[in-house]
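Take a look at the structure below.
First listed ligand is number 1; within each ligand, the first listed atom is number 1.
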Amino acid sequence: MRIGIIGQGYVGLTISAFASKHHEVVGFDLNPAIVKQLNSGISHIEGVKSADLVDAISRGSYKATTNGSDLSNAEIVVIAVPTPLDNERKPDLTYIESACKVIAENLNGPALIINESTSFPGTIRNYIKPTIEKYSKRQLNHQFAISPERVDPGRKDFNQKNTPRLYAGLTPEATARTREFYSTFCDNLVEVSSPEVAEAAKLFENTFRQVNIALVNELAQISHALGINVRETLDAAGTKPYGFMKFAPSAGVGGHCIPVDPSYLADVAEKAGVEATFIKRANEVNLDMPKYIASRVQKDNGGSLKDKKVLVVGVAYKPNVADTRETPAELLIDALKDLGAIVTWNDPVVGVWHGVESSPLIGADIAVVVTKHHVVASEDILKSAPYVFDTTGKVKGAVQL
Ligand SMILES: NC(=O)c1ccc[n+]([C@@H]2O[C@H](COP(=O)([O-])OP(=O)(O)OC[C@H]3O[C@@H](n4cnc5c(N)ncnc54)[C@H](O)[C@@H]3O)[C@@H](O)[C@H]2O)c1
């Protein structure tokens with residue numbers, strides 16, 4: 001099949017790598033630097049090997065492009081573009097709209113349009129379909145379906161092949177063609193009765209994590225106030241073989257999904273007249289964790305951080321990836337600066353962040369660990385400052401959250 005994939009980031013490139021083993025894939029992205037790099041066989045995404053790209057390019061089954069007309073003969077188009085929040089933490093569908101425009105203006109014949117980007121129930125039916133129709137000069141009778149992405153970048157045990165994939169089309173034909181496409185590279189397809197169920201399930205998966213992370217972060221604060229070790233408490237609760245799932249306390253939530261997706265559910269809930277109280281409270285607790293951590297560090301250091309050299313260790317939002325989107329390190333740095341500290345950061349996996357290079361892991365008054373990568377040794381973190389506060393539970397010998 002001839003496949004067009006809009007967006008060549010974490011999701012789009014991962015799908016391109018799997019799909020190009022069986023189909024002819026054109027990866028469309030607005031970023032010319034990424035497109036150039038991909039066409040020279042260099043992957044910018046953890047989990048997509050450059051060697052696989054080189055192989056697909058040499059077989060003629062993959063090319064990246066910034067030119068929308070390269071999508072003109074696609075039989076299937078997959079949308080994998082960002083779905084962030086706007087300044088008011090409301091769904092921002094501008095990238096989806098621009099993807100719809102590219103599709104509408106360039107497809108020559110009817111195609112199956114599948115959305116993999118995360119969004120609220122009703123997005124494919126009430127937003128993507130009408131937007132593509134609005135921008136199309138002639139109506140081509142496209143089919144529409146949803147198959148929300150569940151990729152966890154950097155993860156080794158679950159990938160596109162063995163992660164169960166939800167899907168549903170707006171018509172039985174769209175559903176059948178979606179199944180046909182994904183069954184070429186995914187072993188476990190789960191059909192649901194409507195696109196809205198698939199869209200809602202995706203949002204709920206991440207809302208479940210967001211709420212539980214907030215709950216455990218609240219427990220960390222309660223435990224500290226009561227003089228109880230939160231991680232030992234969680235290990236103890238985790239010995240129950242049923243009815244309990246362990247989550248770990250942290251500096252907050254990061255990445256493109258957990259801090260963002262629940263607000264898509266809250267927004268659509270509010271429009272339907274239901275207040276999403278858990279989601280709102282969970283957001284508040286997680287977003288306040290950096291301030292809580294800064295105040296703990298302040299108390300432990302004589303009640304003042306004024307002019308203290310504080311090193312934030314690990315600014316990626318999770319271990320062993322270079323992704324800093326929505327990282328709680330950002331809020332923590334702000335909170336520490338607000339208390340008068342002179343803040344630098346160290347993260348060899350990220351390397352450069354906001355145009356600034358990672359600082360050496362040495363010579364600070366205080367170190368606060370947000371993310372512990374495998375390549376950064378605990379001994380080196382402990383040597384970086386006389387006082388080390390660890391939010392990860394991985395640096396033994398440091399003051400623990
Ligand atoms: N990253 C994850 O782990 C993950 C997991 C599941 C679902 N998702 C969802 O998948 C979607 C994509 O996320 P991602 O992590 O791949 O984002 P990303 O930022 O890694 O990549 C998006 C790419 O799309 C490109 N782009 C933006 N607008 C475009 C347009 N109009 N046309 C062509 N290219 C465009 C950007 O240049 C970028 O390269 C989001 O909805 C996200 O919530 C992400």
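The single protein non-hydrogen atom nearest to atom 42 (C) of ligand 1 is His256 CD2, 3.0 Å, given as residue, atom name and distance. Among protein heavy atoms, the minimum distance from atom 5 (C) of ligand 1 is reached at Val151 O, 3.3 Å. Atom 28 (N) of ligand 1 has as its closest protein heavy atom Tyr95 CD2, 3.3 Å. Of the protein's non-hydrogen atoms, the one nearest atom 39 (O) of ligand 1 is Asp29 OD2, 2.6 Å. Counting only heavy atoms of the protein, atom 12 (C) of ligand 1 lies nearest to Val81 O, 3.4 Å. The shortest contact between atom 9 (C) of ligand 1 and any protein heavy atom is with Thr118 OG1, 3.4 Å. Regarding atom 8 (N) of ligand 1, its nearest protein heavy-atom neighbour is Val11 CG2, 3.6 Å. Ranking the protein heavy atoms by distance from atom 6 (C) of ligand 1 puts Glu149 O, 3.2 Å first.
Between Thr83 and ligand 1, an N or O atom pair is found at a separation short of 3.5 Å. Taking distance alone, with nitrogen or oxygen atoms compared against 3.5 Å, Asn31 stays at or beyond that limit from ligand 1. Any N or O atom pair closer than 3.5 Å counts here, and Tyr10 shares at least one such pair with ligand 1. No N or O atom of Ser117 sits closer than 3.5 Å to an N or O atom of ligand 1.
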side-chain contact (heavy atoms from CB on, under 4.5 Å) assessment of Gln8 paired with Ser16: CA-CA 8 Å; Gln8 292 293 281; Ser16 297; 3.2 Å; yes
For Phe144 and Arg125, run side-chain contact (heavy atoms from CB on, under 4.5 Å): C-alpha distance rounded to whole Å, both residues' side-chain angles, the deciding distance at 0.1 Å, then the answer. CA-CA 8 Å; Phe144 294 88; Arg125 192 188 302 274; over 6 Å; no
CA sep, side-chain torsions, deciding dist, call: Glu379, Leu382, side-chain contact (heavy atoms from CB on, under 4.5 Å): CA-CA 5 Å; Glu379 305 80 68; Leu382 290 169; 5.8 Å; no
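In this pair, Phe247 and Phe208 present their aromatic rings perpendicular. The plane angle is above 60°, beyond the 30 to 60° band.
Of all the heavy atoms of Ile34, the ones lying under 4.0 Å from any atom of ligand 1 belong exclusively to the side chain. Only the side chain of Lys202 comes within 4.0 Å of ligand 1, judged by heavy-atom distances. With a heavy-atom cut-off of 4.0 Å, Cys257 touches ligand 1 through its side chain alone.
Within the listing of ligand 1, atoms 32 (N), 33 (C) sit less than 4.0 angstrom from a heavy atom of Ile6. Under a 4.0 Å criterion applied to the non-hydrogen atoms of Arg325, ligand 1 contributes the atoms 1 (N), 15 (O), 17 (O), 18 (P), 19 (O), 20 (O). Atoms of ligand 1 found under 4.0 Å from any heavy atom of Phe28, numbered from 1 in the order shown, are 32 (N), 33 (C), 34 (N).
Partner of Asp187 under the side-chain contact (heavy atoms from CB on, under 4.5 Å) criterion, chosen from Lys161, Gln160, Arg165: Lys161. None of Val343, Asp338, Leu336 except one satisfies the side-chain contact (heavy atoms from CB on, under 4.5 Å) rule with Leu305; the exception is Leu336. Of the candidates Val25, Ile3, Ile5, Val48, Ile15 forms a side-chain contact (heavy atoms from CB on, under 4.5 Å) with just one, namely Ile5.
A donor-acceptor pair under 3.5 Å is absent between the side-chain atoms of Glu88 and the main chain of Lys90, judged by distance alone.
In this structure, the side chains of Ser119 and Tyr264 come closer than 4.5 Å at one or more pairs of heavy atoms.
Here the shortest heavy-atom distance to atom 22 (C) of ligand 1, taken over Pro82, Ser98, Gly7, belongs to Pro82.
A cation-pi arrangement, defined by a distance under 6.0 Å to the six-membered ring centre and an angle within 45 degrees of its axis, is absent between Lys280 and Phe278.
In this structure, Tyr317 has its ring center no closer than 6.0 Å to that of His256.
Considering CD1 of Ile6 and CD1 of Ile114, their distance stands at 12.0 Å, rounded to 0.5 Å.
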